[in-house]
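One structure is given here, and the rest of the page talks about it.
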Amino acid sequence: MTTQPFKIAVMGAGAVGCYYGGMLARAGHDVTLIARPSHVEAIRERGLHMDTRGFDEFVAISASSDASAVKGAQIVLFCVKSMDTESAGAQIHPHLAPDALVMTLQNGVDNADRLRSVIHDRAVAATVVYVGCEMLGPGHLKHHGRGELTIEPSHLSEQVAQAFTDAAIPTTVSDNVRGALWVKLILNCAYNAVSAIAQLPYGQAVAGVGVKDLMRDVVDECKAVAKAEGVTLAGDVDVAISKIIETMPAQYSSTAQDLARGKPTEIDFLNGLVVRRGQAHGIRTPANQALWALVKLLETKQAVA
Ligand SMILES: NC(=O)C1=CN([C@@H]2O[C@H](COP(=O)(O)OP(=O)(O)OC[C@H]3O[C@@H](n4cnc5c(N)ncnc54)[C@H](OP(=O)(O)O)[C@@H]3O)[C@@H](O)[C@H]2O)C=CC1
Ligand SMILES: CC(C)(CO)C(=O)C(=O)O
């Protein structure tokens with residue numbers, strides 16, 4: 001390792017947390033995963049099973065189901081779903097080191113701000129995540145591809161970017177993370193609900209009759225709302241959208257995975273957020289509204305069943 005090993009904790013070690021935590025542990029960093037008890041038990045027993053595009057290994061790594069395990073960490077990868085941001089933030093807050101950096105590896109554009117409202121006295125860096133991964137079972141991670149991160153500037157961001165890049169996680173620091181988060185949001189608005197409603201991977205979902213036109217309407221509405229919010233999109237949204245189909249055609253969206261597992265989705269923070277912000281600016285968003293409503297209907301149907 002060319003950089004000093006960091007002491008790192010992962011709050012909410014599901015698919016994303018296990019992928020990044022595992023990659024960093026493999027590269028020699030001191031990593032503790034904070035996860036649900038079934039994952040902790042499996043990881044303590046046989047290591048984290050990392051079934052990735054590049055290797056298939058059991059990685060030795062510390063695991064705990066107690067939020068106090070963030071104690072002493074220089075970096076906290078905050079990887080819970082968007083609806084758990086405030087509650088998980090409140091759990092780690094009393095245990096965070098004064099100079100800790102908390103990185104929000106989450107979809108959606110408002111997690112870092114919502115987390116700051118809970119842990120206002122610690123550094124938080126919004127982070128944009130491009131990866132395809134899922135948990136196949138307790139302590140068993142499946143990685144489908146990619147893994148690059150974009151992080152907001154902070155007292156540690158440059159060092160973090162170097163250490164993560166050395167650990168085979170391509171990481172850049174950007175002073176327009178807001179614009180990068182919005183590009184990712186637009187991409188999620190275009191793909192996630194379509195894959196979830198049809199329960200199809202991206203390649204097959206996009207090939208459906210009229211789906212490309214629907215996605216185009218979703219993207220146009222999102223761009224109008226982003227403009228009204230004063231966001232300068234970081235890079236070309238259309239290129240980012242085409243890249244998903246090229247790099248992960250067999251991937252189901254995280255929203256599709258949540259519904260398939262009978263879990264609540266983050267749709268309120270994706271298409272739902274665009275609808276709400278659109279309403280605030282007097283911009284109509286019928287395509288996003290329809291996708292949001294349909295995913296909410298499926299969530300309710302599952303909750304009742
Ligand atoms: N999976 C992917 O390919 C991608 C995901 N993302 C984003 O990354 C973020 C994380 O997603 P993902 O990893 O897929 O989600 P997961 O549901 O796989 O992981 C989150 C984990 O955190 C656990 N958790 C929640 N609260 C706590 C707590 N207080 N203590 C301990 N564990 C807790 C959850 O348990 P439980 O379920 O029991 O609550 C779950 O196991 C999301 O915002 C997602 O949109 C971004 C890019 C790609
Ligand atoms: C990158 C992508 C689109 C991967 O599926 C994702 O963010 C998600 O599923 O939520």
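All figures in this text were calculated on a predicted structure; none of them were measured in a lab. All ligand and atom numbering here is 1-based and tracks the order in the structure.
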Looking only at protein heavy atoms, what sits closest to atom 8 (C) of ligand 2 is S254 OG, 3.3 Å
The protein heavy atom nearest to atom 26 (N) of ligand 1 is R36 NH2, 3.4 Å
The protein heavy atom nearest to atom 20 (C) of ligand 1 is C79 O, 3.6 Å
Closest heavy-atom approach to atom 30 (N) of ligand 1 among Q257, H144, M11 is made by M11
shortest atom 3 (C) of ligand 2-to-protein heavy-atom contact is with Y202 OH, 3.2 Å
Side chains of N192 and T255 only: does a donor on one sit below 3.5 Å from an acceptor on the other? yes
Item to complete: Check whether any side-chain heavy atom of S82 lies under 4.5 Å from a side-chain heavy atom of E266, and answer yes or no.
Response: yes
| field | Salt-bridge contact D238-R216 (side-chain N to carboxylate O under 4.0 Å) | value | yes
D113 bridged to R116 by N-O distance under 4.0 Å: yes
Within 4.0 Å of some non-hydrogen atom of N107, the atoms of ligand 2 are 6 (C), 7 (O), 8 (C), 10 (O)
Going by the 4.0 angstrom heavy-atom rule, the piece of K184 near ligand 1 is side chain
If we number the atoms of ligand 2 from 1 as shown, the ones under 4.0 Å from a heavy atom of V131 are 1 (C), 4 (C)
protein heavy-atom neighbour closest to atom 7 (O) of ligand 2 works out as K184 NZ, 2.8 Å
Scanning both residues in full, the closest heavy-atom pair of H143 with C133 reads CA-CB, 4.1 Å
The reported gap from SG in C222 to CD in E229 (rounded to nearest 0.5 angstrom) is 11.5 Å
H120 and H93 aromatic ring geometry - parallel, tilted or perpendicular at 30°/60° bounds: perpendicular
Quick note on ligand 2: atoms under 4.0 Å from a heavy atom of N188 include exactly 3 (C), 6 (C), 7 (O), 8 (C), 10 (O)
Distance col, row W182:CH2 vs C189:SG, nearest 0.5 angstrom, shows 8.0 Å
Atom 6 (N) of ligand 1 has as its nearest protein heavy atom N107 ND2, 3.6 Å
Next on the checklist: So that I can tick it off, tell me whether E134 and R261 are bridged by a salt bridge, with the cut-off set at under 4.0 angstrom between side-chain N and carboxylate O.
Outcome noted: yes
Original post:
Under 3.5 Å between some N or O of ligand 1 and some N or O of D84?
Top reply: no
| task | Run the contact test for M248 against ligand 2 with a 4.0 Å cut-off on heavy atoms, strictly below, and give the result. | result | yes
If you scan protein heavy atoms around atom 48 (C) of ligand 1, the nearest is V131 O, 3.1 Å
Ranked by distance from atom 40 (C) of ligand 1, the top protein heavy atom is G14 CA, 4.4 Å
From the list E148, Q159, M103, M23, side-chain contact (heavy atoms from CB on, under 4.5 Å) with F164 holds only for M103
* Hey, is ligand 2 close enough to N192 that some N/O pair sits below 3.5 Å? -> yes
Honestly, for V129 the part within reach of ligand 2 (heavy atoms, under 4.0 Å) is neither
Counting heavy atoms under 4.0 Å, the part of L105 that contacts ligand 1 is backbone
The option among R146, K142, Q106, E266 carrying the non-hydrogen atom nearest to atom 44 (C) of ligand 1 is E266
Using the rule that two of Ile, Leu, Val, Met, Phe, Trp, Tyr join whenever any of their side-chain heavy atoms come within less than 4.5 Å, decide whether V70 and V80 are in one cluster. yes
The closest protein heavy-atom partner of atom 22 (O) of ligand 1 is G12 CA, 3.3 Å
For a side chain to side chain donor-acceptor pair (under 3.5 Å) check, start with the C-alpha distance between N111 and T85, then their side-chain angles and the critical distance, and finish with the verdict.
CA-CA 7 Å; N111 279 297; T85 292; 2.6 Å; yes
Please examine the side chains of M248 and K243, heavy atoms only from C-beta on, and report whether any two atoms are closer than 4.5 Å. no
message: Please determine whether a side-chain nitrogen of the Lys or Arg among R122 and D99 lies less than 4.0 Å from a carboxylate oxygen of the Asp or Glu.
response: no
Rounded to the nearest 0.5 angstrom, the CD1-CG distance for I151 and L101 is 7.0 Å
Taking only non-hydrogen atoms of Q91 and a 4.0 Å limit, the atoms of ligand 1 in range are 29 (N)
With heavy atoms and a 4.0 Å threshold, my read on which part of A15 contacts ligand 1 is both
for atom 15 (O) of ligand 1, nearest protein heavy atom and its distance come out as K81 CE, 3.3 Å
For G132, the atoms of ligand 1 under 4.0 Å from one of its heavy atoms are 3 (O)
Closest to atom 1 (N) of ligand 1 by heavy-atom distance, out of C133, G89, G108, is C133
Taken to the nearest 0.5 Å, the spacing of T247 OG1 from H144 NE2 works out to 12.5 Å
The closest protein heavy-atom partner of atom 13 (O) of ligand 1 is V16 N, 2.8 Å
Honestly, for E134 the part within reach of ligand 1 (heavy atoms, under 4.0 Å) is neither
| query | Is ligand 1 less than 4.0 angstrom away from at least one heavy atom of K263? | reply | yes
